[in-house]
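Worksheet: the structure to be examined is printed underneath.
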Amino acid sequence: DGEDGLHVASYIRGCRSGEKLYSVVNGSGSHIVFLSADEVVEHPQHLVFDRIGDIVKLFEKALTGRIDTLCASLGIGRNAVLSLLLEMRIEAGVEVVGEGPRQLTLNAGGSTALVVTHEDNRLYSYAVDSLSGQLTYLGDTLTNTGPTQVAVDPLDRFAYVLHDQSADITVHPIDPVTGAAGPMTQAINFWVTPPSDIAINSTGTIVYIAFAGDNTLQGFQVDPIDGSLSPFTVVTLPDGPRSLALSPYDDFLYVACEGNDVLEILKLDADTGYVTQSSSTPTDDAPIRVTLDATGLFAFVLHAEAHTIRTFIVDPSSHVVSAGATVRARPLATDISVYQGEAPAQPRTEFLYILGESAEDLSGFRFDSTTGQLVPISVDSLTGTGPTDLVVDPLGRFVFVAHQVTSELSVFQISPGSGSLFESLARTSLSEPPTALGVDAGGRYLFVTLPQSAQVLAYSIHTSTGELNLIAAE
């Protein structure tokens, strides 16, 4: 029903093997007519529309990670199955990948994307269209067990894959014509301690690998012919080295050490790759990722426990690192990347909303960050409803209000630019008066407390309308 097929999926999701799936004859996908029937796979979980042939196609959840099963059941090879899946794309830019994708990495020229999939142990290659960014499948190859990261050398000759289950690194040559990564040519096993991160110098001659399990950094020299690695140095680091960032000139290596809450700075001999000096700078709680800007003068550190991103400033003459500004990050953030933008991003307060419980009034103001003045904006009336709590969607789309007298929830949409509020949806009725509201950091769920029954209700939030759908009551 409609472009996303959600209503159709609600009817199809419970099908069992042997039940039928029918063709869509309306090009917009607005309804199903019972014409021709095809067998449906067991326990279908996902539905897509083939917009070219106007045929509804159904496949098991992800088909990702089940490719070998499909090969056996359909009696065709892996490449044929992947080709079939590629024909089932919903729209340009959506590509099939294996089960448990962990990381996507672009080559130096941005013409090829490599993806590792943790559950089916494969390395996928895609060509990147330089204008649209659309991905085109080139092929995939087997890795060892539990790939977590892939790095490409700056000359686009080799791909290096880290694994957390087999605790090793594999080397994959890259086809100079297609850009696709080929089968592994070397596997270096570290037995007990899986590698935590990898950094490659600008000439592709030296690879550094961090090991959070034993607090070490190992340096490897790269064979220019086959990309094989030969160890040449080991350095002891503070507790929990999780992330590496190499300066553009190969003279400093920055290490985020989660256990000791420090940013370790290693001075390198740019020619030999050996560490010649080290120093530490305190960070916020649990630094898990570090990255540099293109100049190498700013390091950005993401912290798992403090939920912050802190900037560290590198003095261009002395190379002394000092702590700069901090901004809040989303909870459970796992990675950070730097894009060369035109202006710095900064948090700001734009609108202020105040709930007057006794006056049954919701007021809105625009905040002038220059003068500090508050300018009133229009808001719909709440008279007679007994408003008792208010919460603003973290993404700035909606304001939710709990009404104690009428036992209701209301959703106000925030007008972009003006900040004015308008109530466009029917209110959600409750079995008893609510007292408090909360929204998760991603703006996906609204939580409501009901004190008389000692319950907490959870509602999903529609991304565009703010409509609430009850999903749990505990």
Non-neighbouring partners of Phe211 that pass ring pair (Phe, Tyr, Trp, His ring centres under 6.0 Å), sequence neighbours left out
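Once residues adjacent in sequence are excluded, the partners of Phe211 under the ring pair (Phe, Tyr, Trp, His ring centres under 6.0 Å) criterion are Phe190.
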
Keeping the roles fixed (side chain from [X], backbone from [Y]), state whether a donor-acceptor pair exists under 3.5 Å.
X: Asp368; Y: Gln373; result: no
X: Thr143; Y: Asn121; result: yes
X: Asp156; Y: Ala108; result: yes
X: Asp315; Y: Val320; result: no
X: His163; Y: Thr145; result: no
X: Glu467; Y: Leu425; result: no
X: Arg366; Y: Gly417; result: yes
X: Ser196; Y: Ala210; result: yes
X: Thr449; Y: Ala436; result: yes
X: Arg328; Y: Ala306; result: yes

Residues 231-245, side-chain donor-acceptor partners within the protein, below 3.5 Å, at least two apart:
from: Arg242; atom 1: NH1; to: Glu258; atom 2: OE1; distance (Å): 2.7
from: Ser243; atom 1: OG; to: Asp197; atom 2: OD2; distance (Å): 3.4
from: Ser243; atom 1: OG; to: Val290; atom 2: N; distance (Å): 3.1

Considering all heavy atoms of both residues, which atom of [X] and which atom of [Y] are nearest to each other, and what is their separation?
X: Tyr445; Y: Asp440; value: N-OD1, 2.7 Å
X: Asp261; Y: Ala286; value: OD1-N, 2.8 Å
X: Ile461; Y: Gly466; value: CG2-CA, 4.0 Å
X: Gly227; Y: Val171; value: O-CG1, 3.6 Å
X: Phe365; Y: Ile377; value: N-CG1, 3.6 Å
X: Leu268; Y: Leu246; value: CD1-CD1, 3.6 Å

Glu305 atom CD, neighbour heavy-atom count above 12 within 6.0 Å:
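Atom CD in Glu305 is not crowded, with 12 or fewer foreign heavy atoms closer than 6.0 Å.
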
Note, [X] side chain near [Y] side chain (heavy atom, < 4.5 Å):
X: Thr185; Y: Pro173; value: yes
X: Ile188; Y: Phe220; value: yes
X: Leu253; Y: Leu217; value: yes
X: Pro224; Y: Arg157; value: yes
X: Tyr126; Y: Leu138; value: no
X: Pro101; Y: Thr117; value: yes
X: Asn107; Y: Leu114; value: no
X: Gln103; Y: Thr148; value: no

So Thr308 and His303, side-chain hydrogen bond (donor to acceptor under 3.5 Å, both in side chains) or not? Walk me through it.
CA-CA 5 Å; Thr308 59; His303 303 85; 3.1 Å; yes

Contacts of type salt bridge (charged side-chain N to carboxylate O under 4.0 Å, His left out), residue Asp284, not counting sequence neighbours
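Expected list: Arg310.
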
Mind jotting down which residue pairs meet the side chain to side chain donor-acceptor pair (under 3.5 Å) criterion with at least one end in residues 410-421? Sequence neighbours excluded, please.
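Only His403-Ser410, Ser415-Ser420, Ser418-Ser420 qualify under side chain to side chain donor-acceptor pair (under 3.5 Å).
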
Point-to-point distance, once rounded to the nearest 0.5 Å, from [atom1] of [X] to [atom2] of [Y]:
X: Tyr160; Y: Ile169; atom1: OH; atom2: CD1; result: 7.5 Å
X: Leu446; Y: Asp393; atom1: CG; atom2: CG; result: 10.0 Å
X: Leu104; Y: Leu135; atom1: CG; atom2: CG; result: 7.0 Å
X: Asp335; Y: Arg289; atom1: CG; atom2: CZ; result: 4.5 Å
X: Asp293; Y: Thr295; atom1: CG; atom2: OG1; result: 3.0 Å
X: Leu468; Y: Leu409; atom1: CG; atom2: CG; result: 6.5 Å

For the residue pair [X] and [Y], confirm or rule out a side-chain donor-acceptor distance under 3.5 Å.
X: Glu264; Y: Ser280; answer: yes
X: Thr385; Y: Thr406; answer: no
X: Ser202; Y: Asp250; answer: yes

Ile414/Val399 under side-chain contact (heavy atoms from CB on, under 4.5 Å): CA gap, chis, key distance, verdict:
CA-CA 7 Å; Ile414 302 176; Val399 171; 3.9 Å; yes

Might you work through the side-chain contact (heavy atoms from CB on, under 4.5 Å) test for Ile313 and Leu297, ending with a clear yes or no?
CA-CA 6 Å; Ile313 305 166; Leu297 298 180; over 6 Å; no

Chi angles and distances behind the side-chain contact (heavy atoms from CB on, under 4.5 Å) call for Thr435, Gln404:
CA-CA 7 Å; Thr435 56; Gln404 199 165 40; 4.1 Å; yes

side-chain contact (heavy atoms from CB on, under 4.5 Å), that's the test. Do Gln149 and Val116 meet it? Break it down for me.
CA-CA 7 Å; Gln149 297 183 55; Val116 287; 5.7 Å; no

Residues which pass side chain to side chain donor-acceptor pair (under 3.5 Å) with Ser132, listed by chain and number, not counting sequence neighbours
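Listed in chain order: Asp129.
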
Output every pair passing ring-ring contact (aromatic ring centres under 6.0 Å, His included) with a member in residues 452-474, not counting sequence neighbours, ordered by first then second residue.
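Applying ring-ring contact (aromatic ring centres under 6.0 Å, His included) to every pair that reaches into residues 452-474, excluding sequence neighbours, yields nothing.
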
Below 30° counts as parallel, above 60° as perpendicular, anything between as tilted: where do the rings of Phe400 and Phe398 land?
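Tilted: the ring planes of Phe400 and Phe398 meet at 30° to 60°.
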
